[in-house]
Amino acid sequence: AGRRRARTDGLVTIARAQGSLTFPASFMLVGDMNPCPCGFYGDAERKCSCAAAVTRYQKRISGPLLDRIAIHMEVPRVDYEKLTASRLGEPSAAVRDRVEVARARQQKRFAESDLLTNADMRPADVRRHCQLDDESMALLRAAIRQLRLSARAFHRILKPARTISDLAESAAILHAHIAFTFQYRSRRRH
């Protein structure tokens, strides 16, 4: 029970023969892994030498654990030309400003609750703060059926979609925000 509470309530309970203690355990997990043992599965320039082992290698991380990770990204090789190009990306200050505006929206949204961010939302909060129009609901319904996603995945899609809409300064979660969120879901199946 202690481990389950750590993921859902931000608490962990350590139980021993002498008694139990509960501690705060709210954290953000950031992790990475190679796509296969050699690291080149899906690479456009180098051939994977272990294609037969890919499924076994990727199954080392369980489906339920992957289901609890809200954002999955594949990071492809960066071409030398892009690394040495004179064109710079978006300045960090501009990104910071956009994030601060989104965080202010969340602070206002959750002013009357114990929540701080969209990631903190519980299922009832998701129902309240992640209303969808018919087009967005149809996309979500089709994706959940086609990809056979769990109830947990349903909420793991809506929370980032709410954040994407906040970053876009949109009061509503739009079809595009839902579609964008699906780009960050795991494409692997177990």
inquiry  = I'd like to know if the side chain of D43 reaches the main chain of E45, judged simply by a donor and an acceptor atom lying under 3.5 Å from each other, with no hydrogens or angles considered.
reply    = yes
key: Distance, nearest 0.5 Å, that separates SG of C130 from NE2 of H155   = 8.5 Å
query = Shortest non-hydrogen contact from F110 to L115?
reply = CB-O, 3.3 Å
query = What's the verdict on side-chain contact (heavy atoms from CB on, under 4.5 Å) for F180 and H177, showing C-alpha distance, side-chain angles and the deciding distance?
reply = CA-CA 5 Å; F180 194 75; H177 303 144; 5.6 Å; no
inquiry  = If we ignore hydrogens and angles and just use 3.5 Å, is the side chain of D79 paired with the main-chain N or O of K82 as donor and acceptor?
reply    = no
query = Should I173 and M137 be regarded as members of a common hydrophobic cluster, given that ILVMFWY residues are connected when their side-chain heavy atoms come within less than 4.5 Å of each other, either directly or indirectly?
reply = yes
CA sep, side-chain torsions, deciding dist, call: F23, I14, side-chain contact (heavy atoms from CB on, under 4.5 Å) = CA-CA 8 Å; F23 299 98; I14 310 276; 4.1 Å; yes
ask   = Is N118 close to R109 at the side-chain level, that is, under 4.5 Å between some pair of heavy atoms?
value = yes
R128, CZ: over 12 other non-hydrogen atoms inside 6.0 angstrom = no
key: Ionic contact status for D166 with R103, cut-off 4.0 Å   = no
ask   = Taking a hydrophobic cluster as the set of Ile, Leu, Val, Met, Phe, Trp and Tyr residues connected by side-chain heavy atoms closer than 4.5 Å, whether directly or through intermediates, do L139 and I157 fall within one such cluster?
value = yes
query = Can you name the nearest heavy-atom pair linking F182 to A143, along with the distance?
reply = CZ-CB, 3.2 Å
task = Indicate the atoms forming the closest heavy-atom contact of M121 with K159, along with that distance.
result = O-NZ, 2.8 Å
task = Return yes if some donor-acceptor pair links the side-chain N/O of R162 with the main-chain N/O of H129 below 3.5 Å, else return no.
result = yes
ask   = What distance do Q183 atom CD and I71 atom CD1 have between them, rounded to the nearest 0.5 Å?
value = 12.0 Å
Non-hydrogen atoms of A172 and S165 that approach each other most closely = O-CB, 3.5 Å
query = Any side-chain donor-acceptor pair under 3.5 Å between T22 and T13?
reply = yes
query = Y184, V75: one ILVMFWY side-chain cluster at the under-4.5 Å cut-off?
reply = no
request  = Quick one: pull up OG in S136 and CD in Q131 and give me the separation to the nearest 0.5 Å.
outcome  = 11.5 Å
ask   = Would the number of heavy atoms belonging to other residues, nucleotides or ligands and lying under 6.0 Å from CD of E100 be above 12?
value = yes
task = Just do the side-chain contact (heavy atoms from CB on, under 4.5 Å) check on L167 and T163 with the steps written out, would you?
result = CA-CA 6 Å; L167 288 166; T163 299; 4.3 Å; yes
Ionic contact status for D125 with R122, cut-off 4.0 Å = yes
query = Do L147 and L158 share a hydrophobic cluster (ILVMFWY, side-chain heavy atoms under 4.5 Å, transitive)?
reply = yes
CE-CD distance between M33 and Q58, expressed to the nearest 0.5 angstrom = 5.5 Å
note = Residues F40 and K47: closest non-hydrogen pair is CB-O, 4.2 Å
ask   = When you check the gap from the basic side-chain N to the acidic O, do R98 and E169 get nearer than 4.0 Å?
value = no
inquiry  = For a side-chain contact (heavy atoms from CB on, under 4.5 Å) check, start with the C-alpha distance between L140 and F154, then their side-chain angles and the critical distance, and finish with the verdict.
reply    = CA-CA 8 Å; L140 186 57; F154 175 81; 3.4 Å; yes
Linked, directly or transitively: L174 and I144 (ILVMFWY side chains, under 4.5 Å) = no
ask   = What pair of heavy atoms forms the shortest contact from L116 to D120, and how long is it?
value = N-OD2, 3.2 Å
query = E135 side chain to H175 main-chain N or O, any donor-acceptor pair under 3.5 Å?
reply = no
